[in-house]
Amino acid sequence: MREIFAGLPWWVKWVAVPLIVLVVFGGLIASVVGFVIGLLFKVLVFVVLVGGLIFVVRKFMSSSERKDW
């Protein structure tokens, strides 16, 4: 493989081949990136919701402990 690329001009190695890779595998790359970003967003939403729940429960527990019966 190295011998094939050794005789080619620089623009074929650094411009044409990456463009061909993007055209052929662009949809796959975009779907993988979209999946990873969607997963990170869902993890972030999960962390925020759990943190909010813990905050509300601690606030409620601390306010209910202050009341004297």
Side-chain angles (χ1 to χ4, degrees):
M1 193 70 172
R2 233 176 239 187
E3 294 125 9
I4 294 171
F5 281 110
L8 296 175
W10 67 269
W11 61 269
V12 173
K13 292 185 240 182
W14 299 106
V15 177
V17 173
L19 283 176
I20 293 171
V21 168
L22 282 177
V23 168
V24 173
F25 297 108
L28 176 66
I29 293 168
S31 64
V32 168
V33 169
F35 174 75
V36 170
I37 289 174
L39 187 65
L40 288 175
F41 178 74
K42 288 178 183 178
V43 168
L44 180 66
V45 168
F46 174 74
V47 168
V48 167
L49 289 175
V50 170
L53 179 65
I54 292 171
F55 176 76
V56 167
V57 168
R58 285 190 177 177
K59 276 283 201 193
F60 178 74
M61 295 290 285
S62 68
S63 67
S64 65
E65 288 175 358
R66 291 184 198 161
K67 295 179 181 175
D68 290 328
W69 292 94

Same apolar cluster (I L V M F W Y, side chains within < 4.5 Å links), [X]/[Y]:
{"X": "V17", "Y": "W14", "answer": "yes"}
{"X": "I37", "Y": "F25", "answer": "yes"}
{"X": "V23", "Y": "V15", "answer": "no"}
{"X": "V43", "Y": "V32", "answer": "no"}

*asked:* Taking the side chain as everything from C-beta on, heavy atoms only, tell me whether V21 gets closer than 4.5 Å to P18.
replied: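 Side-chain contact under 4.5 Å: no.
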Using distance only, find each side-chain donor-acceptor pair of residues 44-57 under 3.5 Å and give its atom names and separation, not counting sequence neighbours.
none

For residues 1-9, tabulate all N or O donor-acceptor pairs below 3.5 Å that involve a side-chain atom, not counting sequence neighbours.
none

